[in-house]
Amino acid sequence: MRWTESLINTLWQAPSEAEISSHKLMLRAGLVKKLAAGIYIFMPLGLKVLRKIENIVREEMDASGALELLMPTLQPEQLWQETGRWDKMGKEMMKIQDRHKRQFGLGPTHEEIVTDVIRKEVKSYKQLPVTLYQIQTKFRDEIRPRFGVIRAREFTMKDAYSFDRDIDGLNKNYKKMREAYCKIFDRCALKYQIVEAESGIMGGDVSHEFMALADSGEDTIVLCPSCGYSASMEKAEGDKCPKCASRMKIKKGIELGHIFKLGTKYSESMGAEFLDKDGKKKTIVMGCYGIGISRIIAAVIEQNNDENGIIWPKSIAPYQVEILPVNVNDNETMQIAENLYKNFLSERIEVIIDDRNERPGIKFKDADLIGIPIRITISSQKAKDNIVEIHKRDTGENKLVKIDDLLENLRIYL
Ligand SMILES: Nc1ncnc2c1ncn2[C@@H]1O[C@H](COP(=O)(O)OP(=O)(O)OP(=O)(O)O)[C@@H](O)[C@H]1O
Ligand SMILES: [Mg+2]
Ligand SMILES: [Zn+2]
């Protein structure tokens, strides 16, 4: 990508409404633009990151054996009446009316829809277990949208639903999902804590939240320093660990994902049954599993930034390498820069070249701000000797290398 053709517009200063680092940096780097309260446009640079996270999630969900489907955002009222949640969801559910005066909700979550799918498709124990998932836009009319994409009113979620013959099956699937979640958050380079949580409006009795540790987080978690037990503040009773009676510590976190053992709450009210081996009709046992895909971007930035900008982990960086020719009016510089750019493209290295005719100070500042893991600087003096500089955004390490040795040197980092 050429910077001059990229529509990347950086800001020196974030709008005053941005309170926390990730929100400020996402706006300053131009990853997202605000359209209305809690509603954001993903600009091309930001969308690249979103897609990378989606791919990681998709790979790990597929590897776990879950099947991807895509359910509609518009959900008919009747299904939500069956579970009693049409009223219970309250104002958080956005509702609209079609031309025939029929009511629809804009999906805040999809238990009703997916249970409807399963009660129609699954008849026999032979079709179970099955886990379905989707990556899709969700709508929640949050009372207080804030922190940019962390608490938005329109956002991208991965939601998965498991269907089993019995509790044993659910327990196995729950464990599988928990492991898949660990892989996903590890691949995103997040530091997180798994905590026991309340189930709230989803129902069921066992649930765990995956919390990214961050001082700016809205959630409070308690941690036992002795035995490692942890729970959300709502779940914890008092300041003593229920496992070993030690005093627990308090930390702040951002909820990345939430997994629930639903049991038969939805399958019972909606009549999702199957014919078991023994010839008896039984109710399907369910679990549900959410991840805030767009929220992950902010959580990663919260954990990976400095005073100069974002520090992307390479797994979700929009580009792996930025080529920075200091002076685009210098022929030798540009010849090297353009050659490298072409080479990288043919090597399928994700690369952006800052080909703007701008002051070096601005280019270096922008490079730090958008946070590409590796920067290759080409200055006119060094270019004469066929030498360029590799700079690592995370460690700040610099290395001068001969152009002929550059790819070999880069391979260590890519
Ligand atoms: N308003 C939102 N904006 C962005 N992501 C969200 C939002 N609400 C929930 N998520 C993400 O979707 C995931 C699954 O949704 P779930 O219903 O479990 O969230 P929740 O318990 O309502 O979250 P929260 O407590 O933060 O409101 C959450 O773990 C979170 O990462
Ligand atoms: Mg919520
Ligand atoms: Zn303990």
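Start at 1 with the first residue, then count along the sequence. Indexing begins at 1, ligand by ligand and atom by atom, following the structure's order. Values reported hereafter were calculated over all heavy atoms of this structure, with side chains retained and with hydrogens, waters and symmetry mates removed.
Here the heavy atom of the protein found nearest to atom 18 (O) of ligand 1 is His258 CB, 3.3 Å. Looking from atom 30 (C) of ligand 1 to the surrounding protein, the closest heavy atom is Arg295 NH1, 3.4 Å. Closest to atom 13 (C) of ligand 1 among all protein heavy atoms lies Gly292 N, 3.8 Å. Protein heavy atom nearest atom 29 (O) of ligand 1, with residue, atom name and distance: Glu255 OE2, 2.6 Å. Residue, atom and distance of the protein heavy atom nearest to atom 4 (C) of ligand 1 are Ile150 O, 3.2 Å. Nearest protein heavy-atom neighbour of atom 12 (O) of ligand 1: Met157 CE, 3.6 Å. Taking atom 6 (C) of ligand 1 as the reference point, the nearest protein heavy-atom neighbour is Phe155 CE1, 3.3 Å. Of the protein's non-hydrogen atoms, Arg151 NH2, 3.4 Å is the one closest to atom 24 (P) of ligand 1.
Look at Leu256 and you'll find a heavy atom under 4.0 Å from some atom of ligand 1. Within the structure, the closest approach of Asp219 to ligand 1 does not fall below 4.0 Å when heavy atoms are considered. Ile296 does not count as a contact of ligand 1, since none of its heavy atoms falls under 4.0 Å from the ligand. Ala152 counts as a contact of ligand 1, since one of its heavy atoms falls under 4.0 Å from the ligand.
Residue-level proximity to ligand 1 for Glu142 is carried by the side chain, the only part with a heavy atom below 4.0 angstrom. With a 4.0 Å heavy-atom cut-off, ligand 1 is reached by no atom of Arg153.
A cation-pi arrangement is found for Lys48 relative to Tyr319, the charged atom lying closer than 6.0 Å to the ring centre and inside a 45° cone about the ring normal. Relative to the ring axis of Tyr229, Lys243 does not place its NZ or CZ within 45° and under 6.0 Å from the centre.
Counting only N and O atoms by type, the side chains of His110 and Gln75 include a donor and acceptor under 3.5 Å apart. With 3.5 Å as the limit, one finds a donor-acceptor pair spanning the side chains of Tyr181 and Lys158. Glu112 and Thr83 are linked by a side-chain donor-acceptor pair at a separation below 3.5 angstrom, with hydrogens and angles left out of the test. Asp62 and Tyr133 share a donor-acceptor pair across their side chains, judged by distance under 3.5 Å alone.
Surrounding NZ of Lys95 are more than 12 heavy atoms belonging to other residues, nucleotides or ligands, all under 6.0 Å away.
Under a 4.0 Å N-O distance rule, the pair Lys176/Glu179 does not qualify as a salt bridge.
Using the six-membered ring where Trp is involved, His208 and Tyr174 have ring planes that are tilted, between 30° and 60° apart.
Listed for the Trp312 side chain is a donor-acceptor partner under 3.5 Å among the backbone atoms of Ile370.
In this comparison of Glu218, Lys158, Arg140, Met211, the heavy atom closest to atom 16 (P) of ligand 1 sits on Arg140.
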